[in-house]
Amino acid sequence: MKHFFTRKTDENEETGEIEELRNAVLESEMPEQVATIALKEVDRLFKTSPSSAEYTIGINYMDYMLSLPWNKVTDDDLDISRAETILNREHFGLDRIKERILEHLAVRVMKMSDRKRILVVDDEEMTCRNLEHVLEKEGYKVESVSNGSDALGRLDEIPYDLVITDLKMEKVDGMAILERVRKKCISTQVIVITGYATVKNATDAMSKGSYHFLAKPLKLDEVRNTVKKALRTGVSTHDTKSPVLCFAGPPGTGKTSLGMSIARSLKRKFIRISLAGIKDETEIRGHRRSYVGAMAGRIIQGLRRAESSNPVFMLDELDKIGREFKGDPAAALLEVLDPQQNSGFMDHYLDVPYDLSNVMFIATANVTSDIPAPLLDRLEVIHLSGYTMEEKIRIAFDYLIPRAIQDTGLSEVPPRFETESVQKMIKGYTREAGLRNLERNISSICRKIALKIVKSEKENASLTVTPETVEQFLGPEKYFFEVAQAKERSGFATGLALTGAGGEIMFVEATRMAGHNKLILTGSLGDVMKESAQAAMSYLRSHTENFGLPEMIFDGQDVHIHVPAGAIPKDGPSAGLTVAAALISLYTRRPCRRDVAMSGELTLSGRILPVGGIKEKILAAVEAGIKTVIFPGKNQGDLKAVSQEIMEKIEVRTADEITEIIDVILK
Ligand code: ADP
């Protein structure tokens with residue numbers, strides 16, 4: 001590295017600490033531009049009193065700078081068939097998702113194997129030949145031309161990653177080439193060669209945008225290193241548009257573990273940060289270094305933990321960025337995710353650019369509709385919708401139980417889980433689309449068994465986990481959800497909702513009492529849901545003849561609609577159909593069938609409009625024991641995404657008008 005430190009000092013004056021810092025900077029892998037700034041900081045510290053707060057801030061800053069993995073990257077080793085083996089070994093099912101991931105990785109392989117292109121321009125044939133020889137050995141695709149005009153011609157035809165040009169040439173010189181490149185190809189780097197290593201020539205070229213300069217006679221090591229660094233700094237001409245993967249789905253469906261498998265198959269480090277509840281841009285971008293507690297942002301902190309500048313970096317819960325975010329979260333994150341901007345990512349604390357272009361970002365979210373649109377635009381979303389009972393059982397036996405046994409040290413005396421026990425754990429102790437709580441319960445049982453074995457010192461006793469043991473270890477069942485067995489009452493309808501945790505069963509209760517024609521709505525309903533309840537009421541009042549009701553039936557009565565569980569906020573238009581069903585049932589005194597559930601937006605004229613999350617809702621319905629689900633006709637296409645196995649378990653009806661299916665809903 002070039003030494004930019006210029007101040008003359010008396011050796012004896014220097015404190016050991018400062019000298020150590022300076023050496024550390026010189027030996028570090030910092031990019032040249034950063035090292036220059038770091039050395040200036042060391043220089044400044046040298047003049048600062050060690051007892052001042054400023055000194056402490058400065059020392060902490062330097063320590064931090066030196067602890068970052070600047071140019072440190074792990075070597076990618078991507079073999080698609082190995083990646084496929086890893087993904088299959090670590091995940092059950094998810095065939096389409098694995099295929100999408102492999103496609104994404106394959107594109108990366110193609111890009112990686114696409115060798116970087118270098119154009120060498122020099123009127124000395126020897127230099128051209130030497131550079132060609134050295135750089136081709138490094139794996140680059142190298143072309144050379146012996147004059148400036150030819151170079152301009154080549155530049156018009158082909159996008160090069162790097163141009164190495166002599167400064168002094170007849171007619172068209174190095175500066176003209178540099179200017180043309182800067183004007184035309186932003187992502188191409190330029191290194192100038194100068195025979196007269198005057199600082200003036202070099203600084204002129206640097207100020208016009210060349211990456212660096214090489215002085216003749218060329219030193220081969222210097223050539224190799226400078227080229228390598230220049231190519232790492234430049235955004236590859238082939239890699240500017242690849243989108244960022246985003247796994248979207250309920251908790252526990254395997255988003256994190258897919259990310260980890262990707263890291264393993266690329267042999268990269270894996271790092272994950274959560275964006276949930278982030279309120280301030282400084283959490284992403286860091287605090288300015290003006291006070292003692294200032295810190296770098298989460299991105300830089302993550303890289304520091306990863307100890308490499310090219311990890312697989314998971315940005316968890318992109319949809320949960322705090323609503324009261326100060327500044328524009330999308331803008332801050334776009335700068336992180338966009339390969340065209342992120343090679344010079346500025347963290348406020350570091351105050352020097354950090355190159356994020358080698359990081360492979362993967363985002364996760366529960367619901368994509370909460371992701372800011374400009375961000376969503378940059379993402380390639382892959383949906384994970386949740387698992388059926390059978391899939392959960394398979395995953396429990398093949399993955400979760402063996403892992404829990406190993407983690408709790410029970411491998412020597414592995415407990416045997418009966419299928420009914422796992423089934424009981426899923427039905428009675430969890431209510432989820434994913435596997436988080438199931439995994440927690442399995443681990444909990446294994447820990448309790450371990451304790452039992454240690455206490456009784458019966459080391460050889462291998463235990464069988466029966467449904468009774470499950471109850472003994474986990475306490476009484478928490479969920480009783482046999483909807484079909486519940487009593488049928490009028491004014492009570494079953495809906496299907498989509499929440500961050502996947503599909504869910506939702507009940508709507510309606511009752512009436514003497515009053516003044518008021519509509520009371522309770523259950524922490526959001527504005528949209530309140531409005532759709534009002535619309536459902538108006539629909540019924542204006543269409544009494546469809547249901548054989550006298551027009552005056554509403555007079556002198558208040559209607560109360562309640563959606564349990566009352567404390568959980570609910571919103572969205574998809575409950576319109578369910579509310580209408582509850583109201584019609586209330587007034588016609590015909591109970592709704594308890595094994596029928598529905599989801600749809602209702603218009604004032606009784607038309608049913610399409611809704612989202614069909615697959616998730618069907619999974620939730622199957623799990624709750626529903627026999628028939630009703631969806632809007634326009635959602636017919638979404639049913640294709642649901643597997644045959646699930647469709648065989650449930651009858652799916654679609655309708656465009658509420659009158660078409662009222663007899664399916666009501667008894
Ligand atoms: P998320 O990040 O979506 O919340 P996780 O990746 O943490 O979910 O998954 C929860 C647990 O379930 C992990 O232990 C994971 O390995 C396991 N898991 C999820 N999906 C699968 C699958 N298809 N095959 C095997 N294990 C799975």
Side-chain angles (χ1 to χ4, degrees), residues 83-102 244-265 270-277 302 312-320 360-368 370-371 379 381-408 417 422 425-426 429-447 498-504 613 615-616 619-620 623 641 643 645-646:
E84 192 170 2
T85 315
I86 291 179
L87 279 172
N88 283 333
R89 192 177 60 212
E90 295 172 1
H91 296 91
F92 169 80
L94 306 176
D95 293 344
R96 275 186 46 217
I97 288 153
K98 288 175 187 164
E99 207 177 297
R100 294 269 303 271
I101 293 176
L102 288 174
V244 171
L245 278 183
C246 173
F247 296 134
T253 42
K255 301 185 290 297
T256 312
S257 93
L258 283 170
M260 284 155 93
S261 297
I262 291 179
R264 264 192 290 274
S265 47
F270 179 79
I271 207 83
R272 172 175 163 229
I273 62 166
S274 171
L275 298 174
V312 170
F313 199 129
M314 186 162 260
L315 298 168
D316 229 354
E317 309 192 275
L318 196 59
D319 53 338
K320 301 258 170 35
M360 177 174 181
F361 286 104
I362 298 179
T364 81
N366 289 147
V367 270
T368 45
D370 290 348
I371 300 178
L379 303 176
V381 179
I382 298 183
H383 287 281
L384 291 111
S385 47
Y387 300 104
T388 59
M389 172 69 103
E390 282 75 21
E391 286 170 332
K392 285 183 184 176
I393 293 176
R394 282 284 301 270
I395 295 175
F397 278 105
D398 293 352
Y399 300 89
L400 308 181
I401 295 177
R403 208 181 308 148
I405 289 178
Q406 200 176 10
D407 291 350
T408 42
F417 283 72
V422 176
M425 268 192 266
I426 297 170
Y429 297 85
T430 65
R431 176 76 54 237
E432 59 183 357
L435 299 154
R436 282 231 181 124
N437 290 319
L438 178 61
E439 188 176 29
R440 217 168 278 153
N441 286 335
I442 291 173
S443 300
S444 166
I445 288 185
C446 287
R447 277 197 307 275
L498 182 67
T499 70
E504 254 175 42
K615 192 174 167 196
E616 287 86 348
L619 278 177
E623 196 157 314
S643 75
E645 189 194 336
I646 298 168

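Note that the coordinates shown come from a computational prediction; the quantities given were computed from them, not determined experimentally. For this chain, numbers begin at 1 and follow the sequence in order. As the structure lists them, so they are numbered: ligands from 1, and atoms in each ligand from 1.
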Q: Is the closest side-chain heavy-atom distance between I395 and K392 below 4.5 Å?
A: no
Q: Any non-hydrogen side-chain atom of H383 less than 4.5 Å from a side-chain atom of T368?
A: yes
Q: Between F417 and I445, is there a side-chain heavy-atom distance shorter than 4.5 Å?
A: yes
Q: Heavy atoms only: which of T364, L94, I395 is nearest to atom 25 (C) of ligand 1?
A: I395
Q: Counting heavy atoms only, name the option from R272, E391, K392, R403 that's nearest to atom 16 (O) of ligand 1.
A: R403
Q: Is R440 salt-bridged to E432, cutoff N-O under 4.0 Å?
A: no
Q: Give the residue, atom name and distance (to 0.1 Å) of the protein heavy atom nearest atom 14 (O) of ligand 1.
A: E439 OE2, 2.7 Å
Q: Among A404, G254, P251, which one puts a heavy atom closest to atom 19 (C) of ligand 1?
A: G254
Q: Would you mind checking which non-hydrogen protein atom is closest to atom 3 (O) of ligand 1, with the distance to 0.1 Å?
A: K255 NZ, 2.8 Å
Q: Side chains of I362 and F270: does their closest heavy-atom pair fall under 4.5 Å?
A: no
Q: Return the closest protein heavy atom for atom 6 (O) of ligand 1 as residue, atom name and distance.
A: S257 N, 2.9 Å
Q: Would G252 count as a contact residue for ligand 1, given that I'm defining contact as a non-hydrogen atom of the residue lying under 4.0 Å from a ligand atom?
A: yes
Q: Considering non-hydrogen atoms only, spot the tightest contact between L258 and H91 and give its length.
A: N-NE2, 3.5 Å
Q: Check this for me: does any side-chain nitrogen of one of E504 and R431 sit under 4.0 Å from a carboxylate oxygen of the other?
A: no
Q: Only heavy atoms of R436, strictly under 4.0 Å: list the atoms of ligand 1 that pass.
A: 1 (P), 4 (O)
Q: Give me the residue, atom name and distance of the protein heavy atom closest to atom 20 (N) of ligand 1.
A: Y387 OH, 2.9 Å
Q: Run down the list L258, T253, L435 and name the one with the heavy atom closest to atom 18 (N) of ligand 1.
A: L435
Q: Heavy atoms only, cut-off 4.0 Å: how does F92 contact ligand 1, side chain, backbone, both, or neither?
A: both
Q: With no hydrogens and no angle check, is any side-chain donor or acceptor of D319 less than 3.5 Å from a backbone partner on V367?
A: yes
